[in-house]
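Following: one structure in C-alpha cells, then a few remarks.
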Amino acid sequence: MEPINVDFSGKGKKNSKTTVVEPKGTTAKRVIISLVVTVIIAAAAYYFMLPALNFKAIELYLYIAVVIIAFIGTFGLVSKAYFRPEYMEYAKNKVKIPVILLLVLAVVIGIGYLTGAVIFRAKAYHEIIKVENGNFAEDVAEIDFSSVPRLDKDSSNMIATRALGELSDYVSQFIVSDFSTQINYKGTPVRVQSLAYGDIFKWLKNTKNGIPAYIIIDMTTQKAEAVRLENPIKYSPAEHFNEYLIRHVRFSYPTLMLDYPSFEIDDDGNPYWVVPVLDKTIGLFGGTDVAGAVLVDAVTGDMTLISTSLDGKTKLKTDKFVTDSEYQWLDQVYSASILNQQYNYYGKYVNGFINSLIGQTDVKITSDGYNYLALNDDVYMYTGVTSISSDQSIIGFVLINQRTKEAKYYQVSGALENTARTSAQGKVQQYSYTATFPLLLNVSGEPTYFMALKDASQLVKMYAMVNVKQSTVVGVGSNLTECMENYASELDKSGVSVEIDMDSMGDENNGDTENTKETVDVSGTVAEIRSVITGGETYFYIRLDESASYYKVAVGQAEKIVILNVGDSVTFTVAKDASGDIIPVDSVK
C-alpha cells in the first residue's frame, strides 16, 4: 500500500474565489437607469405614503427603506440578475452600499426606540401630563341635565343615518362617514357627522361638486338635522388625489407629524377639519404629545397653524394658540386616546418603572372606557381611575380638557363603570337593553353614574342612574324625571335624602321636542288591572274607580306598576287632550 501524501501548502488547491460575470453595457448606465426609476417610484410612494420629513417620524424611515429597496430591485432587473444567475454576484457587489444603508437605518430605529424606552425614561413619561387634584363637590357642580349627553357614538351614527334621508336628492350618492366629533355648539352638546361618497363610482360622479351637507345631532334632544351647505365640502378624508385632506395638509406642511383628523363646525356652522400635529417628546420615538393643530376650512382648503402651548412657547412656527379667544369654539385638539394613554403613563410610573411591576405603590390606571362631558364651553374626556391591583372599583375619576389638556383628578371611591352598567342593565333585564358608558355626575352632592339604555337598534329607550358608592341603588325611567324620581326613592330607602331640581330635567319625551305636549295629572283609586305582553314588552291597563278608560303603562316606564293592587291610590300623567277607551300614560306617581 502506497503512503498517502497530504499537501498542506495550498499550492495544489484550485482557486475557490467565485468568478464575477458582468453583463454587457457599463455599470454607470445601469446605475443611472436604476436611479431614474427609483426617483419615479419614490415620488409615487411619497404621494401615497405621505411621510412626514421629520426624523422623529417612524414612517420616514419606512419610506426611506422602500426607496432603497426599490433601487436594489431595479438594479437587479437592469442587470438581468433575476433571469441570468451568472449575473447575480455582480449585482450583489454593486448594491452593497444600499444594503449597508438599510442596516444603518435599522440601527438608528433601534437606538431611537431605546432612547425613548419606558424602562429608562419612566420619570419623563410620568411627567408628560400635569394633573391637579380637584374637589368633587366644588368643581363638579350639580349638572343641568339639559346639557348632559344622552347618546353615545353608535346611537348618534344610527340617528345620523336616518337623518340622511332628508337629503332625498343625495341619499343614494352619500353615506354617513366614520368622522364624527362630539363638540359643544352654542352651549349644547352635539355630535357633528361628515358624509362620504357611497363608493368609488359615486365619488367619480360627485367629486366635482363636493359633499353638499353635514349632519348635526343634538345629544340631549336626540334630534338630527342635515345641514345643507351653500358651498360644498371640497376637502375631506373621503376625497382622493389632491383634495384628500391629509395630502392637502402634507404638501403645505411636509415636516409636521399629523394625527387622525376630527370634524368640527365653528359658531356659525362652517365646517372645518382639525388635524392634530404630533410631537415625540421622549427620545426619538417616545412620549407622543400634541404640539398644535392645522385648522383646515373644509370648503376652501385654507389652513391655519395653531399651537397648544399654554406659556407662549411653541415648537411650531406660529403666533396663534388654541387658548386664543378666536379659537374658543374648538373642542377636540387632543384625542381621547392620547389623553387616556398619557394619564396611564402618569399613573403607572409615579414611582418609577420597577415600582410599576413590583410593589406597585400608588400605581393607578384608567378604567376600561371613557366618555365626554360638556363643561364651561369645552368638551372634557371623562374616565374612571382604578388601582392597578384591583379592577372591581374606582378610586376616583379624571376630567381632561380636549382643547387645552388641563387635567383634574377627583378622589371618589365606589363601583367601577362596568359594574354600574351591569346594575342598570339588570334592572331592566327583561328588555335586554345595553347601557352606554356612564358619566359621573353630581346629583345633590351624591356621585352618580348616568347612562342611557339602548335597544338592539341603538335607539335610546330608557335612562338609568346608579349610585357610585352603592351600586345596588339604581333608578331607571323612560324619561329623566321618572328616572330621577326613582333614583331619589331608592336613595331614600338606603338612608340618603336628596333634593330634586325638576327644572334641571329638561323635556319629558326622551328629548324629542317635537313631541313635547301639555300634560295633566289624573288621580284615583285602582278599580281594575289587566296586563298583556306585546313585542316582548309587558303593558298594564289600569282602570280607575271614576273612569271608564284604561290607562296604558309599560313596565319599562315605571317598574313599580307590577306591585300595584286594586284599591291603591295612583296618579297618572297624560296628555291634556287624551281621551278614548285606552289612554297612554307618560309617567306614574
Side-chain angles (χ1 to χ4, degrees), residues 129 131 133-137 139-140 143 148-155 336-337 339-350 356-357 360-373 375 380-400 407-429 432-454 460 462-476 483 486-487 490-491 494 496 498:
I129 186 172
V131 182
N133 289 325
N135 183 288
F136 179 78
D139 295 349
V140 185
I143 301 298
V148 174
R150 308 178 198 178
L151 301 172
D152 60 6
K153 184 176 181 179
D154 292 337
S155 297
S337 59
L339 296 178
N340 199 57
Q341 181 188 62
Q342 290 190 354
Y343 187 83
N344 279 329
Y345 288 148
Y346 171 85
K348 287 180 68 175
Y349 305 119
V350 59
S356 70
L357 301 176
Q360 300 181 326
T361 303
D362 295 329
V363 173
K364 52 184 178 285
I365 57 174
T366 60
S367 58
D368 185 20
Y370 51 80
N371 209 330
Y372 305 96
L373 190 62
L375 292 171
Y380 288 73
M381 184 202 80
Y382 157 82
T383 183
V385 176
T386 182
S387 168
I388 198 169
S389 60
S390 173
D391 59 355
Q392 300 301 314
S393 62
I394 65 166
I395 59 175
F397 70 96
V398 63
L399 288 175
I400 309 179
K408 280 196 174 184
Y409 170 75
Y410 299 88
Q411 184 174 349
V412 177
S413 299
L416 202 63
E417 291 98 339
N418 283 337
T419 302
R421 294 178 72 184
T422 301
S423 295
Q425 290 167 181
K427 196 74 171 178
V428 290
Q429 57 184 326
S432 299
Y433 290 158
T434 302
T436 59
F437 189 83
L439 284 172
L440 202 158
L441 307 180
N442 182 351
V443 178
S444 296
E446 281 294 311
T448 301
Y449 286 126
F450 172 78
M451 64 205 87
L453 297 169
K454 308 181 297 180
V460 174
M462 301 180 71
Y463 302 103
M465 293 182 184
V466 179
N467 190 264
V468 174
K469 300 173 184 176
Q470 305 177 67
S471 61
T472 56
V473 177
V474 183
V476 298
C483 178
N486 290 335
Y487 177 60
E490 293 298 318
L491 279 174
S494 67
V496 179
V498 296

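Keep in mind that this is a model prediction, so the values were computed, not measured.
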E446 side chain to Y487 side chain, donor-acceptor N/O pair below 3.5 angstrom: no

Check your understanding: Do the side chains of L440 and Y382 get nearer than 4.5 Å, heavy atoms only?
Key -> yes

Is it the case that more than 12 heavy atoms not belonging to K364 sit under 6.0 Å from its NZ atom?
yes

For A464 and V476, the nearest pair of non-hydrogen atoms, with its separation, is CB-CG1, 3.9 Å

Run the side chain to side chain contact (heavy atoms under 4.5 Å, CB included) check on Q425 and T434 step by step: do they pass? CA-CA 6 Å; Q425 290 167 181; T434 302; 4.0 Å; yes

Practice task
Say whether, by atom type as modelled, one donor and one acceptor occur between the side chain of Y449 and the main chain of A424 under 3.5 angstrom.
Solution key: no

To the nearest 0.5 Å, atom CG of L416 lies from atom CZ of R421 at 10.5 Å

Ring geometry between Y343 and Y346 (parallel below 30°, tilted from 30 to 60°, perpendicular above 60°): tilted

### Verdict with reasoning, E417 to N371, per side chain to side chain contact (heavy atoms under 4.5 Å, CB included)
CA-CA 11 Å; E417 291 98 339; N371 209 330; over 6 Å; no

Smallest heavy-atom separation, G384 atom then I394 atom, equals CA-CG2, 4.4 Å

Closest heavy-atom pair, T361 versus V350, reported as atoms and distance to 0.1 Å, is O-CG1, 4.0 Å

Verify the neighbour count for atom CG of D154: are there more than 12 heavy atoms of other residues, nucleotides or ligands below 6.0 Å? yes

From the list I395, I400, L399, side chain to side chain contact (heavy atoms under 4.5 Å, CB included) with Y409 holds only for I395

Taking every heavy atom of Y463 against every heavy atom of F450, the minimum-distance pair comes out as CD2-CZ, 3.8 Å

When rounded to the nearest 0.5 Å, the distance separating OH of Y433 from NZ of K454 is 13.0 Å

In this structure, OG of S387 is separated from CD of Q360 (nearest 0.5 Å) by 7.5 Å

Open item on the list: Less than 4.5 Å apart, side chain to side chain, heavy atoms only: is that true for L441 and M465?
Closed with: no

For T366 and T386 the tightest heavy-atom approach is O-CG2, 4.4 Å

CD1 (I388) and CD1 (I365) are apart, to the nearest 0.5 Å, by 5.0 Å

Go through the steps for E490 and V474 under the test side chain to side chain contact (heavy atoms under 4.5 Å, CB included), then give the verdict. CA-CA 7 Å; E490 293 298 318; V474 183; 5.9 Å; no

query = How far apart are the C-alpha atoms of T383 and L339, what are their side-chain angles, what is the distance that settles it, and do they pass the side chain to side chain contact (heavy atoms under 4.5 Å, CB included) test?
reply = CA-CA 10 Å; T383 183; L339 296 178; over 6 Å; no

**Asked** Are any of the side-chain heavy atoms of K469 and P447 separated by less than 4.5 Å?
**Response** yes

Closest non-hydrogen atoms of L151 and V460, given as atom of the first, atom of the second and distance, are CD2-CG2, 3.5 Å

Is the backbone of A452 close enough, under 3.5 Å, to the side chain of T436 for a donor and an acceptor to pair up by distance? yes

### Query
How far apart are the C-alpha atoms of N340 and S337, what are their side-chain angles, what is the distance that settles it, and do they pass the side-chain hydrogen bond (donor to acceptor under 3.5 Å, both in side chains) test?
CA-CA 5 Å; N340 199 57; S337 59; over 6 Å; no

Check your understanding: Do the rings of F397 and Y410 sit parallel, tilted or perpendicular, given the 30° and 60° boundaries?
Key -> parallel

In this structure, OG of S423 is separated from CG of N467 (nearest 0.5 Å) by 10.5 Å

Query raised in the report: Are any of the side-chain heavy atoms of L453 and K427 separated by less than 4.5 Å?
Result: no

